[in-house]
Amino acid sequence: EIHQPNSSPDPTFHPKRTVAIALDASPYAAHALSWTAAHYLRPTTDRVILLHVRTQSLIPAIGLDGGTTLAYADAAEEAHIQDGTLLLQDYLAQLARYGVRHATGYSLPGVNRRQSIVEKAEEVRADVLVVGSRGMNSVSRALLGSVSDYCAHHATCPVLIVR
C-alpha cells in the first residue's frame, strides 16, 4: 500500500465515491489517469485507488547447472516490486497535482492481471473501475484478450474505459 507524498490516511474521511484506476507503465494507462483526473474525479470527495499488477517472473526451480535459481527469482521479484512502487509514486504525485487529496496505490502480485484487477476493485468496494484501452481490434481482443474487455464483463461495479 502506497500513499500520496506528504500525506497519510485520514480515518475521518468518508468518500462520496471510491474510484479504482487500473494502471501500468503504458502511455494508454498514463492517458487514462490524466483524463480521469481532469474530467471525472472529484478531487476533494473521491477516494482514489490505483491498481498496478506487477510482472511475475516465471523462473524454473532448477538452473542449467543443477542448482536452484531461488536467489535469482527473489532478486527479480524485488526488482518488480521496486518498479511497481516507483510507478505508483509517480502516478500518486500526478493526482496530487490535480488536487486529489485521498489516493492510495496498490502493487499487486499476480499472473492473471485482469482477474487481479477485478478482485482488488471488488475488495476495495470501488464504485467505478477505470481502465485504459489499447485500441485493439476485435480479432486481437479475441486472440490476446483485453484487460478492459475482461473488466467490463467481470467487474461487480461499472467500468469506465478511457480511449
Side-chain angles (χ1 to χ4, degrees), residues 1-4 7-11 13-37 39-43 45-59 61 73-74 76-96 100-136 138 140-163:
E1 189 172 312
I2 302 163
H3 299 281
Q4 284 179 298
S7 75
S8 58
D10 178 359
F13 174 65
H14 299 289
K16 295 205 183 236
R17 296 185 304 184
T18 297
V19 179
I21 306 173
L23 300 165
D24 59 18
S26 73
Y28 307 101
H31 172 68
L33 179 79
S34 61
W35 186 91
T36 303
H39 301 288
Y40 186 78
L41 292 179
R42 299 173 190 147
T45 61
D46 282 346
R47 174 178 166 227
V48 180
I49 304 293
L50 302 182
L51 306 175
H52 173 257
V53 182
R54 297 189 300 271
T55 301
Q56 292 294 293
S57 299
L58 301 175
I59 299 168
D74 288 345
E77 179 64 14
E78 269 309 307
H80 293 312
I81 290 170
Q82 182 65 24
D83 289 346
T85 299
L86 292 173
L87 181 73
L88 287 170
Q89 287 172 339
D90 181 53
Y91 284 140
L92 288 167
Q94 288 179 43
L95 286 175
V100 174
R101 295 184 185 171
H102 306 281
T104 304
Y106 291 92
S107 179
L108 308 170
V111 175
N112 187 336
R113 292 172 187 254
R114 303 175 303 178
Q115 185 176 353
S116 296
I117 290 166
V118 167
E119 287 173 357
K120 190 65 173 183
E122 187 172 346
E123 180 185 317
V124 299
R125 298 181 182 186
D127 295 300
V128 65
L129 171 60
V130 178
V131 294
S133 172
R134 295 183 184 272
M136 289 193 284
S138 58
S140 295
R141 267 195 313 275
L143 292 174
L144 301 174
S146 160
V147 171
S148 58
D149 190 56
Y150 181 90
C151 291
H153 287 92
H154 294 89
T156 57
C157 62
V159 176
L160 173 62
I161 300 172
V162 178
R163 295 182 123 207

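Computed from heavy atoms alone, side chains included, the values below leave out hydrogens, waters and symmetry copies. Computed from a predicted structure; not experimentally measured.
At least one side-chain heavy atom of S107 sits under 4.5 Å from a side-chain heavy atom of L88. Between V162 and Y40 there is no side-chain heavy-atom pair separated by less than 4.5 Å. With a 4.5 Å cut-off on side-chain heavy atoms, V118 and R114 do not count as touching. Side-chain contact between L33 and Q94: present, with at least one pair of heavy atoms (C-beta onward) separated by less than 4.5 Å. With a 4.5 Å cut-off on side-chain heavy atoms, R54 and L108 do not count as touching. Counting heavy atoms from C-beta outward, L92 and L50 have side chains that approach closer than 4.5 Å. Side-chain atoms of I21 and I49, non-hydrogen and from C-beta on, never get closer than 4.5 Å to each other. Using a 4.5 Å cut-off on side-chain heavy atoms (C-beta onward), L41 and L95 make contact.
The two residues V159 and A155 have their closest heavy-atom pair at CG2-CB, 3.7 Å. Here the shortest heavy-atom pairing between G132 and S148 reads O-CB, 3.9 Å. Of all non-hydrogen atoms in V48 and V100, the two that sit nearest each other are CG2-CG1, 3.8 Å. The two atoms that bring L129 and A22 nearest to each other are CD1-N, 4.3 Å, heavy atoms only. Of all the heavy atoms in C157 and A126, the pair that sits closest is CB-O, 3.3 Å.
Listed by chain and residue number, A25, H52, Y91 satisfy the side chain to side chain contact (heavy atoms under 4.5 Å, CB included) test with L87 (two or more places apart in sequence, or in another chain).
Remark: the Q115 side chain and the E119 side chain contain an N/O donor-acceptor pair separated by less than 3.5 Å. For the 3.5 Å distance criterion, the side chains of T156 and R125 fail to qualify, holding no donor opposite an acceptor.
Heavy-atom neighbours of H31 NE2 from other residues, nucleotides or ligands within 6.0 Å: above the threshold of 12.
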Test log, rule salt bridge (Lys or Arg N to Asp or Glu O under 4.0 Å), inputs D46 and R17: CA-CA 5 Å; D46 282 346; R17 296 185 304 184; 2.6 Å; yes
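At distances below 3.5 Å, not a single donor-acceptor pair connects side-chain atoms of R163 with backbone N or O atoms of S133.
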